[in-house]
Amino acid sequence: METAYIEVRNLTKTYSAKNGNVEALKSVSLSVLKNDIFGVIGLSGAGKSTLVRCLNLLERPDSGEVFIGGQNLLTLGREQLRLRRQKIGMIFQHFNLLEQQNVLANVCFPMEIRGVPVRQRKEKAMELLKKVGLEDKAGAYPSQLSGGQKQRVAIARVLANEPDILLCDEATSALDPETTKTILDLLKSIHDTMGITMVIITHEMRVIQEICTKVAVLDQGTVQECGSVTK
Ligand code: ADP
């Protein structure tokens, strides 16, 4: 049997809120293979965002383990975790672009943080913009772009760190059906050509059907079902 690339074991996470505790994750276990596009579907409040945030430890689980490539993230020191996290890209429903910066600067930003020299990062950013079909928008500002174009910028930006894992948290939920399809096609082609393991969080079954190879159904913090997606 192929070994898992992302392995989550017995994750639990409880938030304390004013009107009592919320058990967001109740002993969640999942195995994602290197080549998977792994979907996690569930209603709002099911625990999807909490789960995906536990995969890069943006959220610390109360108990359980997270292994990536056989490495237990919870045992890593601060610096090791920072370096590991750089290779775990994340895209979001609301794109999270820097509104005051143009498209090129947005894509350059993660490379600037890493200290990549200006010329090199601009070259790489242009290459990535070409990959997402936006080479003619390098000088535009986010406010001048459509939702689909903004998500393309976010995808180019996330690729700038050459991730081996991409976490997509409701990445197409703010987009119309047609645009959703084009973004999913782009993600699929990135997966196929760059060999990036993907975890896709969504509340929409058609997203799962469109690109996922596996799916886990999350309900009230528990995995109800998990299996391959039949096309
Ligand atoms: P989903 O992504 O499936 O909508 P979430 O993981 O965002 O679900 O939330 C799961 C549950 O945990 C919900 O009941 C939510 O209200 C609660 N929750 C999430 N984050 C927090 C937080 N920071 N503090 C308190 N409760 C939270």
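In this chain, residues are counted from 1 in sequence order. When a ligand or atom number is given, it counts from 1 through the structure's own listing order.
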### Query
What do you reckon, does Gly47 put a non-hydrogen atom under 4.0 Å from ligand 1?
yes

### Summary
Per-atom filter on ligand 1: closer than 4.0 angstrom to a heavy atom of Ala46 are 1 (P), 3 (O), 8 (O)

### Task
Starting from atom 6 (O) of ligand 1, find the nearest protein heavy-atom neighbour and note its residue, name and distance.
Thr50 OG1, 2.5 Å

### Nearest-contact summary for atom 7 (O) of ligand 1 - protein heavy atom, Å
Ser49 CB, 3.7 Å

### Task
Assess the side chains of Asp62 and Thr12: does a donor N or O sit below 3.5 Å from an acceptor N or O?
no

For residues 152-160, which side-chain N or O atoms pair as donor and acceptor with protein atoms under 3.5 Å away, sequence neighbours left out?
from: Arg152; atom 1: NH1; to: Val132; atom 2: O; distance (Å): 2.9
from: Arg157; atom 1: NH1; to: Asn96; atom 2: O; distance (Å): 2.9
from: Arg157; atom 1: NH2; to: Phe95; atom 2: O; distance (Å): 3.2
from: Arg157; atom 1: NH2; to: Asn96; atom 2: O; distance (Å): 3.0

### Task
Tell me which protein heavy atom sits closest to atom 22 (C) of ligand 1, plus the residue, atom name and distance to 0.1 Å.
Tyr15 CD2, 3.4 Å

### Message
For Gly42, state whether at least one heavy atom is located under 4.0 Å from any atom of ligand 1.
### Response
no

### Query
Could Arg53 and Glu59 be called an ion pair, given the rule that one side-chain N must be under 4.0 Å from one carboxylate O?
yes

### Task
Just jot down the ligand 1 atoms closer than 4.0 angstrom to any heavy atom of Val22, in number order.
11 (C), 12 (O), 14 (O), 17 (C)

### Summary
In short, Thr179 meets Gly148 closest at the heavy-atom pair CG2-CA, 3.4 Å

### Summary
atom 4 (O) of ligand 1: closest protein heavy atom, distance to 0.1 Å, is Gly45 N, 2.7 Å

### Message
Let me confirm one number: the CD-CD distance from Gln151 to Gln93, rounded to the nearest 0.5 Å.
### Response
9.5 Å

### Message
Please tell me whether Tyr5 and Asp164 have a donor and an acceptor in their side chains that are separated by less than 3.5 angstrom.
### Response
yes

### Query
Which atom pair, heavy atoms only, marks the closest approach of Leu74 to Gly64?
CD1-O, 3.3 Å

### Summary
Smallest heavy-atom separation, Asp36 atom then Leu33 atom, equals OD2-N, 2.7 Å

### Task
Evaluate the 4.0 Å heavy atom contact test for atom 16 (O) of ligand 1: does a protein atom fall under the cut-off?
no

### Task
Heavy-atom distances under 4.0 Å are what count here, so tell me which part of Leu218 touches ligand 1: side chain, backbone, both or neither.
neither

### Message
List ligand 1 atoms under 4.0 Å from Leu43, heavy atoms only on the residue side.
### Response
3 (O)

### Nearest neighbour of atom 12 (O) of ligand 1 from the list Ala24, Ser44, Cys54, on a heavy-atom basis
Ala24

